[in-house]
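Since the structure is predicted, the reported quantities are computational estimates derived from the model, not experimental observations. All values below were derived from every heavy atom in this structure, side-chain atoms included, with hydrogens, water molecules and symmetry-related copies excluded.
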Amino acid sequence: KNEVEQSPQNLTAQEGEFITINCSYSVGISALHWLQQHPGGGIVSLFMLSSGKKKHGRLIATINIQEKHSSLHITASHPRDSAVYICGGGTGNQFYFGTGTSLTVIP
Amino acid sequence: KAGVTQTPRYLIKTRGQQVTLSCSPISGHRSVSWYQQTPGQGLQFLFEYFSETQRNKGNFPGRFSGRQFSNSRSEMNVSTLELGDSALYLCASSSDPQGVNTEAFFGQGTRLTVV
């Protein structure tokens with residue numbers, strides 16, 4: 001079993017839909033990161049959060065430390081949101097990441 | 001401010017050879033971490049350097065090694081390459097000495113193909 005699990009693995013949505021990607025972890029991650037990876041490999045850090053909720057534009061990330069669960073929401077999805085979304089973080093001396101959720105937004 | 005720069009972007013090597021990848025962090029960042037990304041395993045942590053010292057290490061064999069220079073630039077080396085080492089190798093830099101609790105900035109990666 002992986003230390004960080006994401007669901008779903010693949011997601012296809014129509015433009016404008018509200019999207020949720022879930023992340024559950026079994027290790028003591030102190031700060032959870034959400035990353036976005038576009039085709040070609042480049043990774044962009046979207047959020048780093050250790051409690052509550054953060055919002056950036058149409059993206060919202062929430063975390064429940066007690067339940068070891070985080071969600072990434074995308075409102076009014078757009079084809080440019082198509083990418084792989086990865087969650088994970090460090091426990092002190094190790095970093096763990098999920099295998100990613102591949103999102104495709106269709107116009 | 002320049003981002004994280006990784007060189008080369010693409011590399012093809014033969015089994016048994018060794019390879020060195022380079023990462024230049026954002027100016028002022030002293031923490032550099034390395035990751036291997038494969039389709040089946042996702043993003044896996046290799047090691048992290050801070051101020052020229054390896055601070056954390058993932059579960060990879062000793063063929064994978066790295067170092068960091070006084071200007072914070074980092075290199076990773078893989079010796080005796082195996083086909084399974086084919087992957088995208090990413091480095092990330094951050095400013096905070098605590099490492100895990102700081103936003104990381106990733107480079108574009110080096111895609112290594114072992115034939």
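Note: the hydrophobic cluster containing A:L32 also contains A:L46 (ILVMFWY, side chain heavy atoms under 4.5 Å, direct or indirect links). Linking Ile, Leu, Val, Met, Phe, Trp and Tyr whenever their side-chain heavy atoms come within less than 4.5 Å leaves B:F69 and B:M76 in two separate clusters. The hydrophobic clustering, which links ILVMFWY residues whose side-chain heavy atoms are closer than 4.5 Å, places B:V19 and B:F60 together. A:I19 and A:Y85 end up in the same hydrophobic cluster when Ile, Leu, Val, Met, Phe, Trp and Tyr side chains are linked at under 4.5 Å.
In this structure, B:I12 places its CD1 atom where only 12 or fewer heavy-atom neighbours from other residues, nucleotides or ligands lie under 6.0 Å away. Counting non-hydrogen atoms of neighbouring residues, nucleotides and ligands closer than 6.0 angstrom, the CD atom of B:E52 exceeds 12 such neighbours. The local environment of CZ in B:R15 is sparse, with at most 12 non-hydrogen atoms from other residues, nucleotides or ligands closer than 6.0 Å.
For B:N56 against A:F95, the heavy-atom pair with the smallest separation is ND2-CE1, 4.5 Å. Across all their heavy atoms, A:S45 and B:A104 have their closest contact at CB-O, 3.3 Å.
Contacts with chain A were tallied for B:Q44, B:R111, B:Q37; B:Q37 has the most, counting heavy-atom pairs under 4.5 Å. Between chain B and the options A:V44, A:I86, A:L35, heavy-atom pairs under 4.5 Å are most frequent for A:L35.
How far CD1 of A:I43 is from CD of B:Q108: 9.5 Å, rounded to the nearest 0.5 Å. Once rounded to the nearest 0.5 Å, the distance linking NE2 of A:H33 with CG of B:L43 reads 11.5 Å.
No part of B:F47 comes within reach of chain A, as not one of its non-hydrogen atoms sits under 4.5 angstrom from that chain.
Between A:N2 and B:Q41, every side-chain heavy-atom pair lies at or beyond the 4.5 Å cut-off.
Aromatic pair B:F45/A:F97: ring centres not closer than 6.0 Å.
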